Amino acid sequence: MSGGASTQPRRLASGGAIDRSQPLEFRFDGRTYTGYAGDTLASALVANGVRLLGRSFKYHRPRGLLCAGPEEPNALVELRDGARREPNTRATVVELFGGLEAASQNRWPSLAFDVLAVNRWLGPVFAAGFYYKTFMWPAAFWERLYEPLIRRAAGLGRIATGPDPDGYEKSYAFCDLLVIGAGPAGLAAALTAGRAGLRVLLIDEDFLPGGRLNAERQLLDGRPAREWAAAAVAELGSLPSVRLMRRTTVVGCYDHGVYGALERVHDHRPAPPPFEPRQRLWRIACRHCVLASGAYERPLLFGDNDLPGVMLAGAVRTYANRFAALAGRRAVVFADNDEGAVTAADLVAAGADVVALVDPRTAPGATGVERIAGVVRRAIGGQGLRGVEILAADGSVRRIACDLLAMSGGWSPALQLTAHHGGRPRWDDRLGTFLPGTLPAGMMVAGAANGDFTTEAALAAGVRAALAAAAALGHAAAPVALPSVSPESVGHRPLWEVAGTRGKCFVDFQHDVAVTDIELAEREGYRAAEHMKRYTTLGMATDQGKTASLNGLAVLAARTGRSIAATGTTTFRPPVVPVAIGALAGTHRGRDFRPLRLTAAHAWAVEQGAIFMETGPWLRAQYFPRPGEPTWLESVTREVNATRQAVGVCDVSTLGKIDLQGPDACEFLERLYVNGWRTLAVGRARYGLMLREDGMVMDDGTVSRLGEHRYLITTTTANAVAVFQHMQWCHQVLWPGLDVQFVSVSDQWAQYSVAGPRARELLRAVVAAEHDLSNEAFPYMAAGTLRLRDDTVARLFRISFSGEHAYEIAVPARAGERVVRMLMAAGAPLGVTPYGLEALGAMRIEKGHVAGNELSGQTTAHDLGFGKMLSTKKDYIGAVLARRAALTDPDRPRLVGLAPVGRGDRFGAGAHLVRRGVEPVAAADEGYVTSAAFSPTLGHWIGLGLLRRGPERHGERVVAFDPLRGRRTELEVRDPVFVDPAGERLRV
Amino acid sequence: MSEGSNSVLIPGRTGRADGRAGLLVRECQGLALASLVARRGRVREAAEAARAAFGVALPLVARAAGNERVTFVWAGPGQWLVETSDARGDIEAFLAPALGSLAAICDQSDSRVVIELAGTAVRDVLAKGVPIDLHPRAFGVGDVALTAAHHVGLHLRQVSEEPRYRISVVRSYFGSFRHWLESSAAEFGCEVLAPLGAG
Amino acid sequence: MRIPCPHCGLRGHEEFAYLGDATLRRPDPAAPDAERAFAEYAYRRDNPAGRHRELWYHAQGCGTWLVVERDTLTHEIGRVTEAREQGGS
Ligand SMILES: [Zn+2]
């Protein structure tokens with residue numbers, strides 16, 4: 001049909017807030033149509049006479065539009081195609097754009113001929129609780145049979161499979177007054193507050209602010225209501241402290257004046273322009289909020305009330321008045337309130353033939369329309385409405401042909417946001433609906449959302465709320481002059497249900513929940529509102545039952561003999577409308593999922609061909625492959641050997657570093673660490689171990705005394721932030737009397753380990769000549785400040801993690817890259833090699849040093865062989881509980897070294913240790929391998945582990961059972977120090 | 001990051017290319033930084049000592065105070081970040097005569113990257129990650145905030161009315177922060193200017 | 001939630017780290033029943049429904065440990081003070 005766009009047969013000749021000078025071509029289910037700028041997809045389809053828009057969730061019943069706004073349960077379509085395909089989009093909120101591609105969903109092979117409509121005849125299978133009853137057993141059938149079957153038969157749209165090509169982002173906003181909804185109440189509130197100079201954020205879901213002012217033929221000050229709305233919007237635009245956000249839905253109300261809102265920035269374009277997001281999620285912090293979210297009209301409950309052509313009366317008026325689109329030519333209006341007459345009059349004005357106004361009450365009719373006291377008992381039709389069956393109050397039954405039934409069961413305030421903090425809506429008997437109950441702090445409700453169902457009352461309520469907010473904030477505000485409103489009539493006597501209906505009588509259109517399902521739930525004992533909801537799934541579809549909830553409660557109330565007030569509502573939770581995961585993630589995706597930390601010499605490591613790995617937030621060099629090394633093992637072996645035989649350089653900048661000063665610094669260390677610090681001299685470093693208060697090991701590291709009252713603490717990379725926070729807690733909460741000051745200097749210093757027998761020679765080449773690095777002047781565990789040959793200030797620590805004669809040299813971060821290049825250049829004649837985390841790990845395991853795998857939060861100092869470090873002369877964090885019998889029990893798993901009996905065997909961390917010849921079951925578990933590595937020095941795999949009574953079992957053989965890797969390896973238990981147990985290399 | 005230079009921002013335009021860039025960024029080089037933490041109970045004495053020695057008292061609330069020699073930026077109760085281009089290579093020695101007995105002084109010159117942000121869209125850009133109300137009624141010249149954007153800690157202050165903001169970010173996180181900043185500014189255009197105080 | 005830090009103003013709870021009961025005091029390690037007292041201190045917590053005094057650390061802000069009076073049912077926040085002001089042990 002390309003080029004042959006249809007002629008919009010249902011478009012009125014004039015009127016509406018559409019731009020007839022801008023025709024837009026779009027496609028629905030492969031056919032091309034034309035609409036106008038200002039249309040929604042729904043209104044354009046109405047104008048084109050398209051009534052059948054989808055198939056229902058369970059029964060595949062034909063469905064058309066029910067609403068004209070965000071509460072639409074039926075008209076869910078797939079938008080766009082390929083990676084941008086978006087399922088379950090409500091056609092009523094899709095702003096039409098040229099080239100829009102939309103498709104109906106949940107039908108196969110086509111919308112008009114749907115094979116699975118056979119589900120309609122399987123109704124009993126899909127009745128309330130069908131998931132629970134039908135697919136209970138056997139469990140194995142779930143994955144293979146039931147789930148795919150259900151997904152095929154009863155599903156919604158298809159999700160796109162490729163990565164979303166569009167961007168999403170988040171933003172913060174702050175205001176004095178947040179006004180949610182730009183209908184009469186919201187506009188009046190925003191004008192009042194804006195003129196008083198409050199910072200106002202006015203948020204509206206629609207692309208055309210005005211709410212029902214755009215949808216009714218009402219007159220304000222004698223002019224069409226839409227013109228008053230437009231003038232108000234124009235004035236708001238001129239007020240500097242007011243911001244109006246269109247196409248934005250407030251989706252959640254959180255604590256302390258925080259609201260979440262989803263802005264559909266470019267959903268109304270085929271794709272966002274370059275550099276712009278498709279959607280933006282706002283976090284809004286406001287001091288006061290006026291909720292002017294309006295109300296949802298309720299359907300009436302009668303047989304086959306879901307036929308395409310049965311629509312809410314307010315929606316019919318919206319299509320006619322705002323979009324100049326006529327939903328039907330021959331209409332019946334069925335209402336239990338005075339808006340039936342308004343609808344009939346609007347339809348007549350739009351040129352429709354209104355054949356009857358059916359109202360169970362004795363109420364005035366509309367000019368020229370036959371008024372029938374009674375009810376519509378049933379809608380008649382196949383793929384769409386062909387007529388209605390009317391049961392008049394006098395008992396007579398009539399069938400009237402029509403292609404549109406406009407129905408109204410009254411309005412329910414859109415009060416979800418009032419209830420997100422647990423506030424329960426309260427029943428109002430006069431209005432026959434729930435009104436907002438206890439409100440979140442700072443929130444006021446105005447307009448239809450609060451039961452002010454006339455425009456006049458809504459405008460006045462908006463002004464009152466804004467004045468109250470201004471007063472609370474200490475702003476002088478004057479009420480704005482409100483327009484006179486043409487006469488309104490909102491009399492209503494809720495009908496709830498039509499008695500004696502025939503056919504299926506739907507309550508929740510999106511989840512296909514009918515009156516009979518609620519009855520079944522009630523019979524089976526699900527009488528509480530929350531139980532009924534879960535058993536029937538009423539209100540649990542993507543529309544969250546906006547049009548269904550109250551009707552469902554009314555049916556349940558009637559069946560249980562309780563009042564609706566006593567039946568109560570179900571719980572409202574954010575989000576109010578569906579929010580795409582992409583919007584929740586914002587820019588936190590791919591490489592931006594979380595920030596990365598890079599060391600000062602990162603560019604150098606990249607140049608060296610390093611393979612990097614993430615350790616916490618850091619990106620660290622894992623190893624440095626050289627040509628001819630097929631796997632990491634060859635690279636790591638070379639790096640270890642070069643270090644142990646000559647010298648290696650490793651970037652250890654990621655260690656946590658804390659500068660501690662103050663007269664009580666030593667006392668503070670005494671209380672933080674298990675070991676003593678009073679004897680640590682200036683210019684010396686010492687290993688320290690920290691416990692948590694429960695007696696478990698928290699972290700380890702070194703402390704160097706830089707001056708009389710100045711120390712440098714290092715922490716492990718992983719615990720840097722936690723240790724700093726712990727120190728803040730100890731200082732501020734436990735011992736505020738101590739005069740200590742500490743700051744993180746982790747980023748101030750780049751730090752490199754220089755390790756190996758030729759380490760001193762290398763340092764000699766870069767350190768200024770006047771410094772004496774001899775063993776006597778700068779022995780093992782010395783620490784000092786010096787200058788390099790290029791005058792860079794450096795700190796040198798003679799400490800070793802590898803077991804080699806080693807130093808760590810720290811330089812200001814900006815000098816880091818330069819200094820590492822200097823070290824490599826000076827070390828070239830000595831055979832210097834950069835080494836990464838893998839070699840570092842292999843060497844520390846060879847040396848029996850514990851690290852993150854052993855400092856697991858479940859190990860004690862005794863477990864790790866540090867029992868003797870625990871001072872008995874002082875109090876420190878963890879001292880008391882570390883002495884508990886259970887924590888020093890020799891039966892606990894304790895640190896051992898592990899080597900394979902078959903020297904060629906490999907084993908890995910995580911393997912469980914069991915006795916030889918014992919079935920490897922949980923009861924036989926005696927510990928596990930914490931770390932394992934290939935030892936280039938020994939030529940076979942080695943490991944550390946925690947083994948019950950380990951230190952007493954050196955020489956024994958155990959089995960490492962590793963079901964994950966499918967290995968079972970016999971190991972010899974031994975001392976954890978594999979290399980240089982006497983520590984001679986450290987001290988040369 | 002090129003060898004031999006410590007510049008972390010390369011001048012040039014990213015994002016939307018037409019019109020004036022909505023965000024202007026420049027790195028502040030040549031600054032010496034130090035953290036200053038008052039000894040127990042000596043906050044007011046330290047504040048006065050700073051006034052006597054430098055003509056600027058230490059701010060006791062979340063503000064910055066400075067002159068052409070030195071700026072003290074509040075960094076928590078009893079703590080400040082000192083910025084100066086007058087330290088001659090040793091900011092600890094620069095501060096110690098006046099404040100050494102009243103506060104712990106620690107060189108942080110290398111620990112942070114300091115940048116300045118301006119441009120017509122600067123507030124909109126920052127709003128995409130900075131959870132602070134920067135509206136002129138809420139945050140003005142001299143105001144200071146410690147916070148985080150996109151999980152990266154920030155020390156932020158407003159330095160002039162236009163508005164211009166100065167932000168310091170821990171050096172190892174700066175690359176991620178810069179990426180966030182440039183992405184957030186892309187829709188407005190982002191122009192990195194030549195560094196301030198270079199050479 | 002937003003927590004009014006006495007130094008930084010109202011900030012989102014994401015900037016804070018939560019520790020819990022602020023009324024606990026570290027026991028005397030030299031007391032004869034120290035082990036029992038420390039075990040209580042380390043492990044036992046009330047879970048009050050209603051007003052509670054809690055320790056929150058302004059991790060992404062000024063680095064202050066705060067005592068926040070919070071209603072665990074409504075999230076209403078009362079007085080917020082510095083933990084160091086309560087004196088420690
Ligand atoms: Zn704070």
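As the structure is a computational prediction, the values presented were derived from the model and not from experiment. Proteins come first, then strands; the chains are lettered A, B, ... in the order of their sequence lines, and each starts at number 1.
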Can you check whether B/Ser109's main-chain N or O pairs, donor with acceptor, with A/Gln748's side chain at less than 3.5 Å? yes
Sub-3.5 Å donor-acceptor pair from the side chain of B/Gln108 to the main-chain atoms of A/Ser744, do we have one? yes
Largest heavy-atom contact set with chain B, pairs under 4.5 Å, which of A/His709, A/Gln661, A/Arg199, A/Arg710: A/Arg199
How long is the gap from OG1 on B/Thr14 to CZ on A/Phe275, to the nearest 0.5 Å? 8.0 Å
Looking at A/Arg814, is its backbone amide N or carbonyl O close enough to the side chain of B/Arg171 to form a donor-acceptor pair, meaning the two atoms are under 3.5 Å apart? no
For a quick test of reading the model, state the closest non-hydrogen atom pair linking A/Pro274 to B/Arg16 and the distance between them. O-NH2, 4.3 Å
Student check: side-chain heavy atoms of B/Trp180 and A/Pro595 closer than 4.5 Å: no
Nearest-0.5 Å distance that lies between atom CG in A/Asp747 and atom OG in B/Ser172: 3.5 Å
For chain B, which of A/Lys170, A/His588, A/Glu276 has the most heavy-atom pairs under 4.5 Å? A/His588
Counting only heavy atoms not in B/Arg137 (residues, nucleotides, ligands), do more than 12 fall under 6.0 Å from its CZ? yes
Flag the pair B/Arg39 and A/Asp739 as a salt bridge only when some basic side-chain nitrogen lies within less than 4.0 angstrom of an acidic carboxylate oxygen. no
Main-chain N/O of A/Val745 paired to B/Ser111 side chain as donor or acceptor, under 3.5 Å: no
